[in-house]
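Please read all numbers here as calculations on a predicted model, not as lab measurements.
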Amino acid sequence: MGRKLVDWPTFIISFVVILSVVVPLVLFPEAGAEVIADVNTFMSDTFGFLYLLMGLAIFFFLIFVAFSQNGQVKLGEEDEKPEFSTPAWAGMLFSAGIGSSILYWGTIEWAYYYQGPPFGLSPTDEQLETIQWASTYGIFHWGPIAWAIYALPALPMAYFFYVRKTPIIKISETLRPLLKGWSDTFLGKIIDVLFIFGLIGGAGTTLALGTPLISRGVSDLTGLEDDMFLRTIVLLVVTAIFAVSAYVGLKEGIKRLSNINLALSIFLLVFVFVTGPTLFIAETTTNSVGLILDNFFRMSTWTEPFAVLQGFEPTGFPEAWTIFYWAWWLVYAPFVGLFIARISRGRTIRQVIAGTMIYGSIGCLLFFGIMGNFGLYLQLSGSFDVITVLNEQGAPAAIISIINQLPFAGVMVALFVFLSIIFLATTFDSSSYILASVTQKEVENGEPLRWNRMFWAFTLCLLPLALMYLGGLETLQTASIIGGFPLIFIMFLIAWSFMKTTTGDLIADDQYEPKTIILDYKKIREKIRRRRNRKKGKEE
């Protein structure tokens, strides 16, 4: 029965497409990296504005949906309560959507903006504006627009699964109201394969960031050399954790890891906030929020348009950061959306939108505000030269060095490393769960087949492991972003399909009341006349 549940064309095509990209990168790493880098430069320079417009469009579309009648629809039966408590739900969606990357970039991203600020500013200590943007842009990049991009695919998938009772969790299925029978053809398979390819590339990059960070922390604690052997051991340990969790299932595995994540994250943030420069962190974070609110549209649409003209020096900031991040969230969106949909039974569409955008943004704000501003304080106060360590030894060394400036440094580094491992395991746990769901014709009892989950769990490890030895993980990341370009248009179709489906069902339902009020003035005038006559009769 299990073999019949598997969507073998999608399963096989996905694996072949992944191998067709990975194998050439293994055999010809330099040539492959050069070609993919050239294509990526062309895409970001030529179509970068589309990514920015997409981000804004999705953000405002979801706000509209949340306050519309569509937002009141419950994802489940009338008396059905949410499957997970709000803290557990918030922790699971945050852990799956961010992973160990939040520990990496939340601690060090400010340093890149400090040296290469936006809007043509000069990277000097004398410019207060430069320093302010350094603490602000990371919060913006990991804020509401990012989480809106994540939330959009979750809505139709959750609606089809819990309201229409369709036992299929796929992007192609959410487009059935528009594609009709085409969802079952080669076109539907291509849409699902694009999602899987993007997820593999995204997972590879998460490994590329998380593994060196963890191994550097282990090296700092044990004195072992931070080499490829240690990184391989780290990767295998993480794989073992998320493989076991994936085998156990959603409630027992992913939920438990997410709860550990949430508790340790809160402890780490509170500890740094209390023992670090508390007032500086609070004031700088507050100032950053104000800057974002004051410059939201400027930051969302800045494309450096004059860089192509003579006499204007290009910085490449929008392409390197904002456009890249929007493309990156887009590649990950179907995966995170699928996972959010799966854990949102019993909630309304409005709750899913608000919860994802608010809880996700607040979580990232706290990490960037506390961890990032702690590092910035060390740099500005002269307590520790983070920039020099970053430029000479790399980001993992700079991050662990920042943690070493805390009280009880050894304990905090150990906690930071353990949290990184659990974060990484949670992301891959969720990824393998969703990949297994997408490569099945239907998902029985909300859980994909165990062997299918385990297959994708080890695929997520082995392919990046091979590329890690060859230095090709960044190339795979870039390739996945290029492959994810069609997702801009697929996201538009997802929004259209969702509105068409939910609005049509609402109108057909017995409880529906039209929002437009039609006034019959003849009847109104007659009622007014009768009231006046009755009033006169009483007075007489």
Measure the CE-CG distance between M54 and L330 for me, rounded to the nearest 0.5 Å.
5.0 Å
Strictly below 4.0 Å, N to O, side chains only: are E526 and K522 in salt-bridge contact?
no
N/O donor-acceptor pair under 3.5 Å between S183 side chain and S172 backbone
yes
If only atom types and distance count, is the side chain of S361 paired as donor or acceptor with the main-chain N or O of I358 below 3.5 Å?
no
Within the side chain of E304, is there an N or O that forms a donor-acceptor pair under 3.5 Å with the backbone of G316?
yes
Say whether, by atom type as modelled, one donor and one acceptor occur between the side chain of S265 and the main chain of L262 under 3.5 angstrom.
no
When the side chains of residues 365-373 are checked against the rest of the protein, which donor-acceptor pairs come out under 3.5 Å, sequence neighbours left out?
{"residue": "N373", "atom": "ND2", "partner": "T285", "partner atom": "OG1", "Å": "3.1"}
{"residue": "N373", "atom": "ND2", "partner": "G369", "partner atom": "O", "Å": "2.8"}

How long is the gap from CG on L338 to OH on Y150, to the nearest 0.5 Å?
13.0 Å
Pairs in or reaching into residues 151-163: which pass side-chain hydrogen bond (donor to acceptor under 3.5 Å, both in side chains), with residues at least two apart or in two chains?
Y159-D505, Y162-R342
Holding to ring-ring contact (aromatic ring centres under 6.0 Å, His included), I want the full list of residues that pass it with W302, two or more places apart in sequence or in another chain.
F119, F317
Report yes or no: do S497 and T174 form a side-chain donor-acceptor pair below 3.5 Å?
no
Is T284 reaching over with its side chain to a backbone N or O of F280, donor-acceptor style, under 3.5 angstrom?
yes
For a 4.5 angstrom cut-off between non-hydrogen side-chain atoms, does I145 reach S300?
yes
Looking at CG of L50 and CZ of F485, how far apart are the two atoms once the value is rounded to the nearest 0.5 Å?
5.5 Å
With sequence neighbours excluded, what pairs up with Y359 under the side-chain hydrogen bond (donor to acceptor under 3.5 Å, both in side chains) test?
none
My understanding is that only residues two or more places apart in sequence, or in another chain, count here; which of them pass side-chain hydrogen bond (donor to acceptor under 3.5 Å, both in side chains) with Y137?
none
If the condition is ring-ring contact (aromatic ring centres under 6.0 Å, His included), which residues does F374 pass it with, not counting sequence neighbours?
none
